[in-house]
Structure formats: structure tokens, C-alpha cells
Amino acid sequence: QNVVACLVWLWVTLFATIARANLPHAGLYKLPPLLEFANGTAVTTPAQLAARREEAKQLLTQTLYGTFPDSVPGLSAAHVTSNTSARGINDIFVALSFNCPNGAVTFTIELLVPVQCYASGNCPLFMTQANHRRWALSGAARGYVGLIYPGADSIDATDGFRYAYPNATWGLIARRAWLGSRALDYAYDLGYINNSQVAITGHSRNGKQSMILAAWDPRVTATISSSSGAPAMSPYRMTSSFTFSESPYGTWPTPPKNLNCTCTRNPSDPRPADGRCCWWLPSVLDWDGRENEMPIDSHALLMLIAPRHFASECALNDPCDPNFAVEAAYQAGKAVYSRLDAEDHLRIIWREGQHHGFERIQNYFDWYDAVFQRQGQALDHFPEVLLHNFSWADWAAQRSEPPFPSQGTASEQIQWALGKAPGLAWSPGGGYGTDVYGYIQQMYDEGSALVQNNDGVDQIAVNFGAYIHGTVYYVKTKSTAPRPAVVWLHPYSYQRGFTEDYPRSSTRAYHALAKAGYVVLTYHQFGFGHRVKDKASFYERQPDSSIMNQLVQDVFSAIDILAAPFNGSHPDGLSVHDQFGIWYPEVDPQRIFLAGYSMGGIVASYSCSLDPRCAGAAVLAALSPLRNNSLESTQGGLWTLYEQHALQPVLGYYANHSEELPVDYDTVLKAISPRPCLVLNREHDRTVNQAAIAGMMQNLESLPGLHYQTQASMSRLDDDMLEAMISFLNKSSAL
């Protein structure tokens, strides 16, 4: 043990010397490998893994969570303030006092003890926070001792520790986790607890602290983190603003009112300002838009927990805990669990719905029973289920590169980059199939009525194409003249599609467009939002096509419904008018535009290049030239398209010689010309090769209809971007 401890010290000392000069993980587009030191050195031995863990703790506290106290206070007193018994459960309240540097700090916990535990002396412990007390009731009914501690918004007792340790820079969430460990100090010595069976669960911000507690406290043997979001099970690299998720900007709520402090980022709060009342270090906000520059990310918590059992319980459409980010962290964590021969100790447990609701508490305890080998449960009852598990190597092994039509038309060459186009019949859309859409709209915070008005904007549910649910937005006016229309295409928001859950603008894009006079159709693109499950087996169904091709085909269907005549037969069955008794405003089929942000902009450009009915396109913070893959490690490059998002696998053949790609976005933009096309670039967009896009646009500066605009900011759908888009569309549509 002394030898191992010495080796750990040597590795940490060596890292500290090198890391100050060189941290290659700071800048990686991908999640930093957990089995590498931050300086790029591979982790190959147990001693190195121990050192890497110490390094990760240091980086996580310096980058995200803040530092903990240097020492743990001793428990000085435990006073039972209440002890009642009913229906086989003892309900005990205990006031715990700890000897801290500036005096005693006291808080009260609650224990729910099944009476049989006193005799057996072998009951598992279930820890959770005050607002999840009823979860502990479920556990007690199944033979678990429930430990409820005051580390939640409803009851927060962390202020005593904040005052007691002024040199600790910890944020509120980390402080709650540390308080939970102090509660465990007491419970660990109870004679009726099986100390090898300690479980913890929390939801949302409590899921965050549960992960942190388990990462720093090896006494916890099994953890379920429910919808923990960022920076916990969802790493910030995967929740940037172009995902409409919980970016550094979006994780800044104020502390609960019962705390005598406010976060320094919220100057309007009258309470005393203390950066330690922020959830995280105040400097976290400075990573907004440059998340890839962080020297570590929150997936490293899994390395600290491994090989102990951990499950991430994630809702498919959770705006705070996006399924794509969760799965990316899971895949990164598997490397450590595999190294430790414990792959079955790590799982994602999917549930339906969004952030709140549909939590399956009994299923939590089924998993805990499997971990602790209780009640006949087994871990194979919880198989691995993945939504985004695409391997380009496996895909390429089943086929050869398709020949490029060098003598073909521009459309044929662009189609080569998308794969074989499936057959697509025309559809005018209709009202049939919209009945279930009310539930879908409600889940995505778009209201529950199929026809409604929000903030002066009318909306109506439609169904179009190959049974795609969509929403049309518009503002009623006295004019009966046909209006221009826009198909609005969302970014990489797997969890909620077009819903802007962490908006950076004063008005949602589709509302802003409607208020500007457009009829707007938007929908969850294939593989996103309520269609997220459709992605999993796509390449088994259509091996010669691509998901990008499917996204483009859906746009064609969107144009179909907008350009459809307002009278005549409806071969799809029940028309929108017959369903709701109203029409949305008539659309001018010569003025149907496409607009999209990030991935949506790429889809808009491809679709407009291939469909002559498209009157023009607004491509927002989307294009990074394909032929220049030199910055793939820091900006994603081709990898984001051919493997990470599995959109265009054919591009993978050129990953190492991208300059030989036979088609690039210049071909696409030329195919759109002379129709108007806005290419808006953000100069600090971390996903774009800025030199490459500047060069491409310079070469195309005389292209008829092309409007190239740059804005000095990061990639975010904000008011400046919306203003530029609407200004361009107004000029192009003569609105």
C-alpha cells in the first residue's frame, strides 16, 4: 500500500509540473479521454488510474464545483429529537452536530427504519434529499433504511458549513453533497446498516449532487442520478447553446430563498452576494461558447465512481438532461468500467417524458435490489439500450464507397453526399393524425390545444409527409393576400426538437418569424424530439441512404403542405379545415423559404439546392467547409457528420484526406444561386473552421444571390441572429 501511495504521489507531482505548460485536453471537441492524463499521457496501470483520479478531482474542483474543506469535522453529538413508530416503520429525527473550525454546525436528518432491520442488522441504506422523502418511503416498504438529509431547495442546511469554512470555494451543489456525506458519517456506524449496501438517488439538481457525493465518497456503493443534466451526467461539451440545452449560461439559477446569500451573477437579489451561493464556481459562465477549452468535463465523475454501480435515469425528452449528452458521457465512462472489468455496473435507464414525471421509483429499487443481489433481481434485467450507438467502421465494413458522378449534374453530385434518395410521394398534408399531437405539444411546452394563441401568435397542428407531426405559426390579419412562408429547422436538439428550452433570444425563432408576417411550419426532424427512437436502426432499414437524406426528404414534404392548394380533394383523408374548421393563411407557393440554425442550416442548404420550389434559404451558424478537416480535434470537423451524429457516413471515407472530397458547400450554394441565400457565420463559433469558411466565401463573393454576413459572437440563437435572418427574408420576399 505504501508503494502504491508513493507511486500515486509521484504521478500527481509529475502531472502538476507538465500540466501547467501543456493541457491538450483543453481544446478537444470530443469528451476528453478518461484514460488519459490531461497532458495526453495514457493511463495504463492501476497506479496511473489512481493518479488520474486525483488529477480529475483537482480539475473538477478548479473548473466546475469549487474546492471542499481540507479536513472533515468530527461528529460531536447526535440527539434524537423525535421517534415514532407506525405500520412497521420507525420514523426517527436526529440532530447531528459537527466540530467545525468556527464552532459547532448542526443539522437534522430523518431515518425511516423498518423494524426488522434491528434484528437482522443487515439492511441496505437508501439516501436521498428532503424533497424526495416519499421515494424513501418506497424504499422503506422494501426493506431499505431511508436516510433523508437537508440538502435540497425545500430544506437547505448548508449555510452553517459555508460560514465554517470560508476558504472552501465550493458552490451550493457541491456543499449539499458534502453535507450528505456528513449525514452518512452518522448512519455508517448504526448497527443495523449493511455498510456494503449504501445507495443514493436524487433528481435534477439533487441528481447532480448525488453524482458528486458518490464521486467523492467511496462508501456509496450504488447511485442512480435522475435527470442530473449539466455539469453532471450531461457534459458541457455536449450541451452548448446550439443544442438548446443546459449550457454554462443556462445553469445559473439563484439559490433558494431560505439561504442568506445570493449568487454574484444575480445582482438584483437583495441578499448579500457570495459566489459560493452559485450552484457552481462563478467562472463557469466564462466557458459559455467555448466549452471545448475546458481541461476536463463532468463525465469524469464516472471515472471517480467506477467500478461502483451507477445508473443514469434519463427521460427521452428531458430539456435539462439531453439524451445525446447522457449517452456520450456513458460511452466515455464505459472505457473506465471496462478497464476495471465492471461494464455491467454502468447503465442508462431510459424513461418516457420530459424532466418531471414518469420517474419509475419502484424500478429504481429493482435496480438496487439487483446490485445488492436481493429479492431475486439480477443486473441482466437491465440490458444496455443505446439510441446513438453508430459506428462508422462497422457501417463501412458492410459496403464500399459509392462512385462519384463526376460527369453528373450538380444535383446528382450533391445527392451523392446524401446517399440514395428513397421514393417520396406527394402529400398535401391534413388534419388526420393530429389528435395525439396535443399530448406531444404539452410535453414540449407548446400548449395542449391543437388550435391556440400564445403571445399574439396563432398556431395549428398539422400532419404531413410520411406521418410527420408539425405546427404552423402565424398572426391573423385582415389581409387575405397569400403570404410568404418559412420552414424553420432546428439545431442538434435531440431532446426537444424545435423547442428552445434555454433561449438566448427574447422571442422564439418561430414566433419571431410569425410576428414578422410569415406562415411558419416547424417540426421535430427525424431522429429528434418525439422522433428520437426512429434513428436507432435507420441504417439497417436504409443502408444506402443517410439520415441527412431523410432530413432533406422531410423538408420536401414540408414544402408540399405549404404549397398545396387550399381547395380540391385531399387524398390523405381529413383536411385541416375539416378537422378544425379554420385555415391557416394562404401561402404564396413562389415565396416558400427555408431557415435553420446550426444543423438546421445545413439541412436548409441541402434541401434548397435540390428543390426548385425553395425561394431562398437562411443558413445560420451552420457551415464549416468539408474539404478542410485540419481542425477536427478542436472543432469536430467531418467526424461530427459521418460518425458523431451519423448524418452523412459517406464523408468518413475522406476523414484523412478531406481535400479530395469531390463536393463541398460551395457546390451546394452554387446550386441555390441565383435564389437568395444568407450564410451567417459567428466568428467565435467553436464548431466552424473560420479560415476555411472565410476562404470559401471569398471565392464565392460574386455568386448571384449569396449574402455572407459575419457577427462577432459565439454560436447562439440570439436577437442579433434573428434580426439578421428576418431582415434578409423581408428583402428576399418583398414583405
Mind checking whether [X] and [Y] have parallel, tilted or perpendicular rings, split at 30° and 60°?
X: H309; Y: W367; value: perpendicular
X: F528; Y: Y494; value: parallel
X: Y364; Y: W135; value: perpendicular

Without hydrogens or angle criteria, can the side chains of [X] and [Y] be said to hold a donor-acceptor pair below 3.5 Å?
X: T243; Y: Y502; result: no
X: D321; Y: S234; result: yes
X: H388; Y: N323; result: yes
X: T158; Y: D156; result: yes
X: S247; Y: R716; result: no
X: R351; Y: S227; result: yes

Residues [X] and [Y] bridged, charged N to O under 4.0 Å:
X: D153; Y: R176; answer: yes
X: D455; Y: R508; answer: no
X: R504; Y: D720; answer: no

Distance-only donor-acceptor hits, side chain of residues 61-68, under 3.5 Å, sequence neighbours excluded:
residue, atom, partner, partner atom, Å
T61, OG1, K57, O, 3.0
T61, OG1, Q58, O, 2.9
T63, OG1, L59, O, 2.7
Y65, OH, P231, O, 2.7
T67, OG1, T169, N, 3.0
T67, OG1, T169, OG1, 2.9

At what distance, to the nearest 0.5 angstrom, does CD of Q635 lie from CG of D685?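 Spacing of CD (Q635) from CG (D685) equals 8.0 Å.
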
Nearest-0.5 Å distance, CZ of residue R290 to CG of residue N292: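 With rounding to 0.5 Å, CZ (R290) is 9.0 Å from CG (N292).
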
For A329 and H299, which heavy atoms make the closest approach, and how far apart are they?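 Minimum heavy-atom contact is CB-CB, 3.9 Å.
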
Check for me whether the distance between the ring centres of Y492 and F324 falls short of 6.0 Å.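 Between F324 and Y492, which both carry aromatic rings, the centre distance is not below 6.0 Å.
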
Would you verify whether the NZ or CZ of R219 falls within 45 degrees of the ring axis of Y188 while also being under 6.0 Å from that six-membered ring's centre?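 Judged by the rule (NZ or CZ under 6.0 Å from the ring centre, within 45° of its axis), R219 counts as positioned above Y188.
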
Matching residue for F244 among P503, P322, S493 - test: side chain to side chain contact (heavy atoms under 4.5 Å, CB included):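 Going through P503, P322, S493 one by one, the side chain to side chain contact (heavy atoms under 4.5 Å, CB included) with F244 is satisfied by S493 alone.
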
Just jot down the disulfide (SG to SG under 2.5 Å) partners of C117, sequence neighbours excluded, or say none.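 C117: disulfide (SG to SG under 2.5 Å) contacts with C123.
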
Count the heavy atoms belonging to other residues, nucleotides or ligands that lie under 6.0 Å from CG of D70, then report whether that count exceeds 12.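 No, the 6.0 Å shell around CG holds no more than 12 heavy atoms from other groups.
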
